[in-house]
Every structure is written in structure tokens, then in C-alpha cells.
Amino acid sequence: MCHSFPLRRSLATSCIFGALVATDSFRAARASGKTAGKSGDRIETIIVTSERKTQNVQKIAGSVSVISRKVLENRNVNTVFDLQYMTPSLQIQPSYGGGQFTYTIRGVGFSGYSSNNSPTVGLYIDEVANPVPFGTNGLMFDMARVEVLRGPQGTLYGRNTTGGAINYITNRPGTSREAGFSVQDGRFGAATVDGYLSGPVSRSLSMRLSGQTQQGGAWQYEPVRRKRLGDLDRGGARLLVDFHPDETTSVLLNLHGSRDRSEANGVRPWSPITALSSTNPIPAPTDRYRTFWGTSSSFARQIGIAPDSKPFSHIDTGGINLRARKTLGGVSIVNLASFDSMQRDEYGNYDGSSRAIADVSFRTRANVVSEELRFSSSRKDRLEWIGGFYYAHQWLNDRYQSGFYDLNRTNGDVRYTQYVNTYSGFGQATYHLTPRIALIGGIRLEHERRSLDRLYAHYIVNDRITNPGNRVDHRALSYTLPSARFSAEYTPFHQDMLYFTFSRGVKSGGFTVYNTNNAADMSRPFRPEKLYAFEIGNKLVVPRYDMRLNVDFFYYDYFDRQVQSQTVSPLSGAIGIYVNAPRSHQYGGEYEFEWSPVERLHIRQSGAYVTGAYDEFTTVTRAIKVNGLWQGVVTDAAGQQIAVPRFTANGSADYSWPLGRYALMTGMDFSLRTTLNFLNPLNRLAGYTLWGGYVAFAPRKGHWKIEAIGRNITDKRYDVTRGRFISGDNIALAGMPATWLLRFRADL
């Protein structure tokens with residue numbers, strides 16, 4: 001990503017001990033078209049729009065982290081996966097190396113590789129919600145900032161969520177002509193090129209065109225064929241048209257699209273594969289970067305590939321958003337309309353071997369249409385309010401195929417169509433009792449109907465369907481549920497705020513739609529989940545010492561938590577299915593710290609402690625063979641810990657060295673997370689710490705910069721996810737090894 005950067009400032013980057021919430025706020029505010037004020041000589045005020053209005057993040061009664069444009073650039077973040085290493089409590093996991101990610105905040109997440117269920121963490125791009133998990137394609141370019149909101153959302157945002165929200169804010173067209181580009185080349189042949197062109201067309205019209213392409217980077221290898229796996233081949237573009245006919249009217253048109261023809265990442269078995277034979281297992285590779293792939297000729301023929309084709313993840317997206325704003329007297333009216341279309345074509349090897357044990361294919365098409373109309377007060381009065389209506393329609397057609405030929409001479413074929421209609425009304429008001437005390441209250445009432453039509457779950461042997469009657473013509477799930485929020489703010493002095501927040505969040509229910517011999521079971525809906533959250537916090541800035549410290553503590557009471565459990569097929573063993581855990585709880589605390597003890601030195605650090613347990617839950621945890629058939633083992637999970645690393649920390653420190661007309665910027669960063677435990681002990685994910693660093697050189701008054709950036713510079717060996725697709729095959733996806741890149745950026 002390329003942007004204007006005043007080089008007289010210290011270029012905040014990824015380095016040791018850094019609360020990334022507070023980096024480079026002046027530039028983030030400028031990118032959003034606002035002016036940021038100073039808290040001290042070297043600590044900047046962070047201006048955000050997370051609550052549908054422009055305000056200082058230190059004045060928001062809730063936990064919000066902001067990752068600025070410059071931090072995204074200097075840490076080379078151009079995919080969503082790396083966001084977790086820059087904000088507390090956020091975890092992002094890819095689904096077995098594919099293009100769909102699982103987002104978890106404070107241990108609240110929804111894990112799965114199917115395309116049809118909504119996430120617990122809402123994803124927004126310029127205020128537009130995307131409820132399809134794979135719909136963002138992972139690409140991030142030309143971003144002004146990323147805002148991460150922790151805790152239930154709903155009284156201000158387009159959709160209900162229990163975990164939180166991630167807002168991607170893109171750079172807007174400016175009033176002056178600008179252009180820039182960036183070229184980088186790195187280890188494993190990874191290359192990225194991006195650029196932008198922005199400026200006014202007339203006094204009332206301005207435009208911004210930006211784009212990015214990512215190529216190469218295969219860091220896994222297959223020793224028999226001597227081939228590498230994981231090359232990227234994707235790109236995206238965005239056109240923003242900003243029209244301001246007068247001071248009270250604005251219209252922003254957003255045209256965007258992306259195309260992805262990348263290879264997928266490969267999993268590896270971390271223990272011998274016993275699915276085919278317990279007495280003669282397939283050995284597990286000793287090198288975690290080694291992977292294998294391959295499938296049967298019958299499955300390859302059914303999904304239209306060659307048997308030795310590399311796993312791939314092809315996700316294409318496109319859409320249009322229109323945001324119109326009008327101010328009439330003391331009321332601001334905003335209408336946000338959007339249409340997005342996306343498709344997912346994936347082939348994955350879920351057994352980590354060249355045998356046809358567990359191979360999968362996804363072919364998903366989805367469209368989302370949404371409309372949001374909201375009204376808000378436009379003046380800073382004692383009473384501030386916002387309210388509106390939201391509607392969304394989602395159509396999704398999915399074909400999910402699986403190959404088990406070497407396991408039982410069978411292939412699976414699941415097809416269905418899903419429709420989701422969401423209607424809601426929401427409102428929130430802030431009343432300032434005194435200049436130091438404010439009360440906030442909000443409510444949302446949402447009705448959703450989710451329909452599953454023409455579900456087929458067939459098993460195929462020798463190109464013949466063996467269970468043609470395994471189908472369900474129609475299943476539906478609907479609910480009408482409220483969300484709510486109440487907050488109290490107290491400002492004992494100007495730069496310090498204490499707050500208490502209670503909120504109730506809701507997440508949609510859904511359908512599992514995995515392989516099984518019983519279509520009625522796989523289409524049985526799981527219920528919406530409800531979360532009651534209590535949070536207290538303090539936000540403090542000490543300008544005299546150029547220091548910022550934010551802390552919070554929270555407690556969650558969780559009902560009907562949606563958990564990926566198991567059902568058991570007598571032929572193929574354990575199969576994932578979603579169920580509701582009746583009750584659970586969790587609690588923890590977070591901190592974000594920024595300090596500039598001397599000029600040109602910035603130290604930042606953030607961290608979180610989260611823990612919790614199931615209070616009521618009985619589930620299948622494993623499968624065993626009895627007389628040649630699989631049976632499930634049921635466990636009372638009450639008292640077991642939820643799946644979340646208890647402690648995470650991220651940090652950075654950077655220093656700018658003046659060299660006459662030039663400047664040398666250096667820094668280091670780290671990210672730490674402790675062990676992640678699951679209901680199934682086999683899925684245990686060991687903790688790890690990653691280190692990174694950078695060196696940059698640029699003229700102090702120029703418009704170019706040369707950078708060298710290293711990630712995982714200690715070459716830590718670690719896994720980012722573990723699990724199993726079938727019994728007797730425990731698999732893991734490794735994290736990336738040490739990487740480096742050289743980058744040249746210029747603003748014209």
C-alpha cells in the first residue's frame with residue numbers, strides 16, 4: 001500500500017512492546033478527512049468512526065483498538081490473517097489452509113469451513129456488513145485504518161454479533177492530486193505491487209482508484225514430485241467517487257472487485273495416519289513444511305480436476321456500495337445501499353497425504369443485498385441520538401463434495417440453497433448529565449428467517465448414488481430477538497475516563513450441512529446464541545509524560561453457545577456438526593499502552609488474559625470402532641475450558657535516526673500467545689512467540705522510501721490450526737517460516 005507520508009515524523013512501525021491501538025493517529029485521522037489534535041508532544045489523538053460518528057477513541061465507553069495505515073504498511077499487512085498479531089484478544093484461523101477464516105474475539109468465535117453460516121465477529125468495509133465468511137477474500141490494500149471493536153455489537157451496526165466487529169476503513173479521495181506505488185520482492189518469490197491515483201475532477205467531484213496484486217510465495221513443498229505449494233495469484237481494485245454538491249450533501253460511490261487463482265496451503269498429519277490401517281499406519285512427516293496431495297481418479301473426475309492437481313483456493317468478489325448523506329437542520333440522514341457477489345471454488349486435501357482419504361471441493365455462489373437508513377443528531381448537544389432501519393437479503397448456492405475413496409470406496413456430494421432475510425430497527429442515545437457524566441442506552445430488535453432448500457446428501461460408489469432418498473426439501477429457522485446496551489461514563493479530569501458497559505448480543509442460528517448418512521440430522525438447525533457482557537474500563541492519557549494507558553475487565557454469561565462438536569457415521573467415523581452448549585461463562589482483562597519517553601522513540605504494548613468454562617454441556621468428543629463400525633464416546637464437558645489462549649501480547653518499539661537530509665528508521669516487534677486447548681485434546685495448539693523487525697531509509701523531505709522487513713526472524717516452528725476431518729487422521733496447518741522482503745515506495 002502506498003500513501004503520502006511526512007518523513008519529519010517518526011514512522012511508527014512494528015516493534016517491541018507496542019499497543020498498536022495508538023499508532024500514527026494523525027495520519028489515520030487525515031485519511032478519514034478529519035483533523036487530529038495532540039494529547040502531548042509525541043502522543044497523538046486517535047479519531048475513529050466506530051460509533052457512526054467522528055470522535056476521539058479515548059472518549060468511547062468500550063474496548064476499541066485502531067491499527068493505523070502506517071502500521072499496516074510497516075508491518076506489511078496485506079491479508080486479514082496478520083491482524084491478530086496487532087490487537088489484543090483477536091484470533092484468526094484459516095480453515096485447513098483454505099480461503100475462509102475463523103474470527104474470534106475474547107474467545108467468542110464460530111469455527112467451521114462451510115460457507116453458509118454467519119460469523120460471531122462482524123466484518124465491515126466502509127460500514128457495509130459482509131455476512132458471508134469467505135466474502136472479503138483476505139485482501140487488504142489502500143486502507144486508512146482498521147478498527148477492532150471487542151464485545152457484543154448491534155445497537156449501531158448493520159448486523160447482530162456476539163464477539164465484536166472489525167471495520168475496514170479505506171482511504172477517501174482527497175482535495176489535491178496524489179499518486180503513488182509500491183513494489184516489493186521477498187523470500188519464496190513473493191511479490192506485491194500496489195498503487196493509487198487520487199484527486200479532484202471538479203470542485204464538487206473527486207475520485208480515487210487503487211489496486212493491488214500478490215504473486216508467488218510458495219513456502220511448502222512436496223518431496224516426491226519436488227514441487228512447492230502456496231503460490232498466490234490474486235489481485236483487487238477499488239474505485240471511489242466522492243460527490244459534494246454542497247456543504248450539507250455528500251454521495252460516495254464504491255466500486256470494487258477481486259480475482260483469486262491462488263494455490264491453497266497444505267495440511268500435514270502430525271501423528272501417523274491410522275484411518276486406513278491401525279497396524280500399518282502411514283508415517284507422519286518430520287518436517288512441518290512438508291505436505292502431500294492427491295486424490296482418486298473417481299473424485300477428480302467428479303469435481304473436474306486431474307488426480308495430481310495442487311490444492312487451490314479461488315475466491316472472486318465484486319460489488320457496488322452507495323452512501324448518501326444529507327443534513328437537514330440538526331438531523332443527519334444517511335442511506336447506505338449495497339450489492340455484493342462472491343464465489344468460492346476450492347479443492348483441498350484434508351488428510352495431508354497422497355492417498356484419497358479425505359479430499360474436499362467447494363463450489364459456492366452468493367449474493368448479498370442490503371439497505372440501511374439511519375437518522376442522527378448532527379449537533380453536539382446534551383442529548384445525542386442515532387436510530388435507523390436495516391434490511392439484508394442473502395442468497396447462497398453451495399455444492400460441497402468429499403472424497404473418501406481409499407477409506408471406503410465412497411465419495412460424498414452435498415448440495416443445497418440457502419436464503420436469509422434480516423430485518424431490524426435500532427437506536428442509541430447519549431445523555432450528558434453533567435460535563436463529566438454521561439449515560440448511553442441503546443436497543444435493537446431483529447427478525448431473521450433462514451431457509452434451507454433442496455438439500456441433497458449423497459454418497460457415490462462407482463459413479464452411482466447409493467442413497468438417493470437422503471434429502472430434505474425444506475428446513476427453516478427464524479427468530480425475533482432484542483440486543484441492548486447501557487453504558488455510564490465518568491470523566492474525573494480531562495484526560496481520564498472511567499466507564500461501565502452492559503450489553504446483550506445475539507448471533508444467528510444456522511445449519512451444519514456436512515456429510516452424513518442422515519440428511520435430517522445434518523439439516524437440523526442450531527439455535528441463535530445469546531451473550532450478556534459486563535465490562536468496566538479506564539482510558540488515561542498523561543500528556544506530560546507522553547503516555548497513554550487503557551485497561552478493561554469483562555465478564556460474559558453465555559447461553560446456547562454454538563460449538564463445533566461431532567456426530568458419528570458408522571462407516572466413516574466422526575463428522576463435525578454444530579450444537580448449542582446450554583450455558584458457559586468467561587472473563588478476563590486487556591491493556592493497551594503507548595509511551596514516548598524521548599523524542600523519536602515510541603514504545604507500544606497490548607495484551608489480554610481470557611479464560612472461561614462450560615457450565616452445562618454434554619457432547620461427543622471422539623469415535624471408536626466396535627465390530628468394524630464407528631461409535632461415538634459422549635463426555636460431560638461441564639467445567640472444561642473454552643478454546644482460547646489464556647494470554648496474548650503484542651508489542652513494538654521504533655526509533656528514528658536523523659542523518660542530515662535523510663532519516664533511518666529501525667524497529668522490532670513481537671507477538672505472543674499461550675497454548676490453545678479444545679474439547680478434543682488432540683486439537684491442542686501449542687503457544688508460540690513471533691519476532692519481527694524492519695529498517696527503512698528515506699530523505700526527510702522526500703517522497704520515496706526503501707525498506708527491509710523481516711517476519712518470524714527467529715524461524716519459529718509453530719502451527720496455526722489443528723483438527724481432524726475423519727477419525728485416525730490428525731492434521732495441522734503450519735505457520736509460515738522466516739520471511740523477508742525488500743520494498744520501494746514512492747508518492748508522485
Side-chain angles (χ1 to χ4, degrees), residues 21 50-51 60-65 87-91 103-110 120-122 148-157 160-165 428 439-444 481-490 497-507 528-540 549-563 580-592 606-617 637-649 673-674 676-677 679:
V21 66
S50 61
E51 296 215 335
I60 296 176
S63 302
V64 183
S65 294
T87 184
S89 295
L90 175 63
Q91 305 290 315
Y103 300 83
T104 302
I105 295 180
R106 292 176 172 173
V108 179
F110 184 84
T120 56
V121 177
V148 180
L149 288 74
R150 298 184 288 275
Q153 307 295 322
T155 59
L156 290 171
Y157 284 84
N160 264 333
T161 56
T162 48
Q428 182 169 297
L439 299 178
I440 302 170
I443 192 167
R444 175 194 187 91
L481 291 171
S483 299
R485 179 190 179 194
F486 171 78
S487 298
E489 302 175 356
Y490 173 57
M497 185 185 76
L498 297 165
Y499 69 87
F500 165 78
T501 296
F502 163 78
S503 55
R504 181 186 194 266
V506 176
K507 178 199 172 295
E529 62 181 27
K530 284 82 67 178
L531 178 64
Y532 296 85
F534 305 84
E535 180 177 327
I536 59 172
N538 185 61
K539 297 185 174 185
L540 172 68
L549 175 64
N550 296 339
V551 296
D552 65 74
F553 303 92
F554 62 89
Y555 179 85
Y556 286 175
D557 209 2
Y558 215 148
F559 295 88
D560 289 328
R561 177 197 289 265
Q562 297 165 2
V563 180
N580 293 99
R583 188 166 185 176
S584 58
H585 72 276
Q586 55 203 70
Y587 58 90
E590 298 154 331
Y591 66 90
E592 296 177 304
S606 64
Y609 175 85
V610 182
T611 189
Y614 293 96
D615 299 315
E616 302 174 30
F617 188 32
Q640 292 196 28
Q641 297 294 307
I642 62 170
V644 60
R646 289 201 174 186
F647 182 68
T648 58
R673 55 212 56 235
T674 57
L676 178 59
N677 292 303
L679 286 173

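Just so it is clear, the structure is predicted and the values come from calculations on it, not from any experiment.
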Could you list the residues that satisfy salt bridge (Lys or Arg N to Asp or Glu O under 4.0 Å) with D557, not counting sequence neighbours?
R583
Evaluation steps, side chain to side chain contact (heavy atoms under 4.5 Å, CB included), between V506 and R444:
CA-CA 10 Å; V506 176; R444 175 194 187 91; over 6 Å; no
Which heavy-atom pair separates L481 from P528 by the least distance, and what is that distance?
CD1-CB, 4.1 Å
Taking side-chain contact (heavy atoms from CB on, under 4.5 Å) as the definition, give me every residue that meets it alongside T104, ordered by chain and number, with sequence neighbours left out.
Q91, T102
What donor-acceptor contacts under 3.5 angstrom involve side-chain atoms of residues 637-648, with partners at least two apart or in another chain?
{"unit_1": "Q641", "atom_1": "OE1", "unit_2": "T611", "atom_2": "OG1", "d": "2.9"}
{"unit_1": "Q641", "atom_1": "OE1", "unit_2": "R646", "atom_2": "NH2", "d": "3.2"}

Look at the side chain of S89 and the backbone N and O of V610, then say whether any donor-acceptor pair between them is shorter than 3.5 Å.
no
For the residue pair P88 and S65, what are the closest heavy atoms and their distance?
CD-OG, 3.8 Å
Can you list the residues that meet the side-chain contact (heavy atoms from CB on, under 4.5 Å) rule with L540, with sequence neighbours excluded?
F493, D496, N538, V542
Parallel, tilted or perpendicular: which fits the ring planes of F554 and Y556, with parallel below 30° and perpendicular above 60°?
tilted
With rounding to the nearest 0.5 angstrom, report the CD to CG distance, E616 to N580.
12.5 Å
Can you name the nearest heavy-atom pair linking K530 to Y558, along with the distance?
O-CD2, 3.6 Å
Measure from the side-chain N and O atoms of K539 to the backbone N and O of I60, and report whether any donor-acceptor pair falls under 3.5 Å.
yes
Please walk me through it: do R485 and T155 pass side chain to side chain donor-acceptor pair (under 3.5 Å)?
CA-CA 7 Å; R485 179 190 179 194; T155 59; 5.2 Å; no
For R150, all residues meeting salt bridge (Lys or Arg N to Asp or Glu O under 4.0 Å), sequence neighbours excluded:
E590, E592
Would you please test Y532 and F502 for side chain to side chain contact (heavy atoms under 4.5 Å, CB included) and show each step?
CA-CA 7 Å; Y532 296 85; F502 163 78; 3.8 Å; yes
Heavy-atom closest pair (T501 atom, A61 atom, distance to 0.1 Å) is OG1-O, 3.2 Å
Side chain to side chain contact (heavy atoms under 4.5 Å, CB included) between F110 and V121: does it pass, once the steps are laid out?
CA-CA 8 Å; F110 184 84; V121 177; over 6 Å; no
For D552, give me all partners under salt bridge (Lys or Arg N to Asp or Glu O under 4.0 Å), at least two apart in sequence or on another chain.
R106
Point-to-point distance, once rounded to the nearest 0.5 Å, from CZ of F486 to CZ of F534
12.0 Å
Just so I know, are the side chains of F500 and S487 near enough to count as touching, which here means a heavy-atom distance under 4.5 Å?
no
Is it true that a side-chain atom of Q562 and a backbone atom of D560 form a donor plus acceptor pair closer than 3.5 Å?
no
Show the nearest heavy-atom pair for residues S584 and R561, with the distance to one decimal.
OG-NE, 3.1 Å
Run the side chain to side chain contact (heavy atoms under 4.5 Å, CB included) test on I105 and L90 for me, step by step, so that the C-alpha distance in whole Å, both residues' side-chain angles and the decisive distance to 0.1 Å come before the verdict.
CA-CA 5 Å; I105 295 180; L90 175 63; 3.7 Å; yes
Looking only at heavy atoms, which two atoms of Y591 and A649 are closest? And how far apart?
OH-CB, 4.3 Å
When rounded to the nearest 0.5 angstrom, what is the spacing between OG in S503 and CG in L531?
7.0 Å
